[in-house]
Amino acid sequence: MTELNRPRGTRDFGPDQMAVRRYVESEIRSVLQDFGYNEVQTPTFEHLDLFVAKSGPQVVDQIYAFKDKGDRDLALRPELTAPVMRFYQAELRNEPKPLRILYFGNCFRYERPQKGRYREFWQMGLEYIGKRTALAYAEVISAAISALRKVGLRGFSVRIGDVGLLREVFRELGIDLSKERDLAIALDKKEAGKVRQVILQKSSSHDIAEILTNTYSLSEATDVIGDLLKGAGEAVEEEGALLMSLFDILKSSAGEEVIFDPSITRGLDYYDGIVFEIDVPSLGAEKQICGGGGYSMTSMFNSEVNGIGFGLGFDRIIMAIDGPERAGGDGVGIYYLIPMGERAVRESISIMDRIRDSGRKCILETQGRNVKKAIGYGINCGADHVIIIGDAEMDEKKISIKDLTNREQVSIPSSDLEKYLEGI
RNA sequence: GCCGGGGUGGUGUAGCCUGGUAGCACCAGGGACUGUGGAUCCCUUAGCUCGAGUUCAAAUCUCGGUCCCGGCCCCA
């Protein structure tokens, strides 16, 4: 036998798992739809250039990229924001603003698989395209929180920061954050000592490292932001004012899971406003289940495009809720038809059609097994009624219906089937 | 890319240290049993991750690959 197993980093999902996944998917989708977001879908693969334009040439290392037979450079999408924005720019740009878009789909990255990280994974997310106001940010963050709560997730924390503010604060210190990769990483890891060290090299400013590498509760947030703005320049003040009013709104609408974390950098790639991350500590190393923020894609599309978005790590959400909240289950009744002998087959098929027409699940014994075996199979499949049609029934134009839950069996004229179904 | 732990029928495992008949349970299919409940008994299918080395002999010891798991790096 040759290699017929799954490619590394991919997964198969069995019926039980799919029931949970579909349930969670539809619950989250419906929450986001309630926030006014409408779903779109884009291709599974795109021109490689789209992703290079968004994230830089180094991302190619982590992308499934290939040439097609026309020698085009293509790539399996590693994320959904870029395709959605491409779609927006090409066809949706004249829609009334703000435009609220929702998406769900599989994405692919060539990375070393580990817990919570696969080479094929699913993302659900949204993009709010329009002017980035405090209310808009509050809406997007609330949507993420509501979605997670809806599927029964508890014990997550929402960290909110501001990449734009961070940039401006450092600019006033004479530091270009984009060029100080080590500093950005140190910030993200909250290595206060290292951050302080870099800052002191460039400036003799007060100990801002301490402020930046801590986190603050919702009630402390506005005071801390106030401290940061004190004596600051115009650019810092402008960014900070937006963040301040966002926290003002969140104070009344969000819960204690929200904290201010000024050191979030989100890779600094294309977010340039307020950013946020949500994680579930119990997941371990790959605990982040949501990342998002405000961005400007102006340079990518040569026209002004502003928005706020987030992506939810669908697979990690499934892992985080695994157990507590399960799918509603397929507890809806299944009717299992057992035809006995040639004469009964045609009648059984028509009975089956009538049951399905009534909106109920119905399966047929197709293996020619005897009644005993067949009933055993029906029980294993979760059927709650079996219907037996044999010569005896055919002679009397009746059908025998057995309720597996109470072992009671009735014989009714086959013309009374619908009446029987309604009576249940 | 780096560090560590693993891999025995479809699933879960015993055997490995101390080399010598691959055992158990579940699941699946069939029979006892051709019209009625998950029972019972019997039968069947099916396995040592791959390659090299050591050895009379390797699931077992050694090395390498591969895949899985946990962590690091990275994370659009």
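Here is how names work: the chains are called A, B, and so on, in the same order as the sequence lines, proteins then strands, and each is numbered from 1.
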Using Watson-Crick or G-U wobble geometry with both distances below 3.5 Å, tell me the partner of [N], or none.
N	value
B:G51	B:C63
B:G23	B:U13
B:C41	B:G31
B:U18	none
B:G70	B:C3

Quick one: which of A:Ser411, A:Ser414, A:Ser415 gives a side-chain contact (heavy atoms from CB on, under 4.5 Å) with A:Lys398? A:Ser411
Applying the side-chain contact (heavy atoms from CB on, under 4.5 Å) criterion to A:Tyr118, which one of A:Arg11, A:Glu111, A:Arg109 satisfies it?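 The passing option is A:Arg11.
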On RNA chain B, compare the nucleotides closest to A:Ile63 and A:Ala392; which residue's is nearer the 5' end? A:Ala392
If you pin A:Ser400 and A:Ala285 to their nearest nucleotides in RNA chain B, which one's is more 5'? A:Ser400
Is there a side-chain contact between [X] and the phosphate of [N], meaning an N or O under 4.0 Å from OP1 or OP2?
X	N	result
A:Arg407	B:U36	no
A:Lys189	B:C72	no
A:Arg266	B:A76	yes

Please state the [atom1] separation for the pair [N] and [M] - nearest whole angstrom.
N	M	atom1	answer
B:G53	B:A58	C1'	11 Å
B:U13	B:U21	P	24 Å
B:G10	B:G1	C1'	36 Å
B:G6	B:G23	P	25 Å
B:A22	B:A59	C1'	8 Å
B:G35	B:G30	P	16 Å
B:C16	B:U60	C1'	4 Å
B:U55	B:A28	C1'	40 Å

Just how far, in rounded Å, is [atom2] of [N] from [atom1] of [X]?
X	N	atom1	atom2	answer
A:Ile338	B:G37	CD1	P	11 Å
A:Glu286	B:C73	CD	C1'	11 Å
A:Leu187	B:C74	CG	P	14 Å
A:Leu404	B:G38	CG	C1'	11 Å
A:Gln367	B:A28	CD	P	13 Å
A:Gln114	B:G4	CD	C1'	13 Å
A:Tyr377	B:C27	OH	C1'	14 Å
A:Lys373	B:G30	NZ	C1'	7 Å

Need one value for [X]: base, sugar-phosphate or nothing, where a base atom within 4.0 Å counts as base even if backbone is also close, heavy atoms only.
X	answer
A:Gly116	nothing
A:Arg181	sugar-phosphate
A:Gly376	nothing
A:Glu111	base
A:Asp403	base

How many angstroms lie between atom CZ of A:Arg21 and atom CG of A:Asp16, to the nearest 0.5 angstrom?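 Going from CZ on A:Arg21 over to CG on A:Asp16, the span is 13.5 Å.
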Between CH2 of A:Trp122 and CG of A:Leu312, what distance do you get to the nearest 0.5 Å?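 Between A:Trp122 CH2 and A:Leu312 CG, I get 15.5 Å after rounding to 0.5 Å.
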Closest to the [X] side chain: [options]?
X	options	value
A:Arg112	B:C73, B:C69, B:A76	B:C69
A:Ile375	B:U36, B:G70, B:A76	B:U36
A:Arg8	B:C68, B:G37, B:C74	B:C68
A:Asp391	B:A28, B:C74, B:G35	B:G35
A:Val59	B:G35, B:A76, B:C67	B:A76
A:Ile185	B:G71, B:C74, B:G38	B:C74
A:Val371	B:G35, B:G37, B:G71	B:G35
A:Arg369	B:G30, B:G37, B:U36	B:G30

Regarding A:Glu393 and A:Ser400, is there a side-chain donor-to-acceptor distance under 3.5 Å anywhere? yes
Can you see whether A:Glu139 engages A:Tyr37 through a side-chain donor-acceptor pair at a distance of less than 3.5 angstrom? yes
Kindly confirm or rule out a cation-pi arrangement of A:Arg77 over A:Phe108, judged by NZ or CZ under 6.0 Å from the six-membered ring centre and within 45° of its axis?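 Judged by the rule, A:Arg77 and A:Phe108 form no cation-pi pair.
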base_contact_polar ([N] base, [X] side chain, donor-acceptor, <3.5 Å):
X	N	result
A:Asn370	B:G35	no
A:Arg6	B:C68	no
A:Lys372	B:U36	no

Could you tell me if the side chain of A:Lys54 sits less than 4.5 Å from the side chain of A:Leu50, heavy atoms only? no
How about A:Phe314 and A:Phe121: are their ring centres within less than 6.0 Å of each other? no
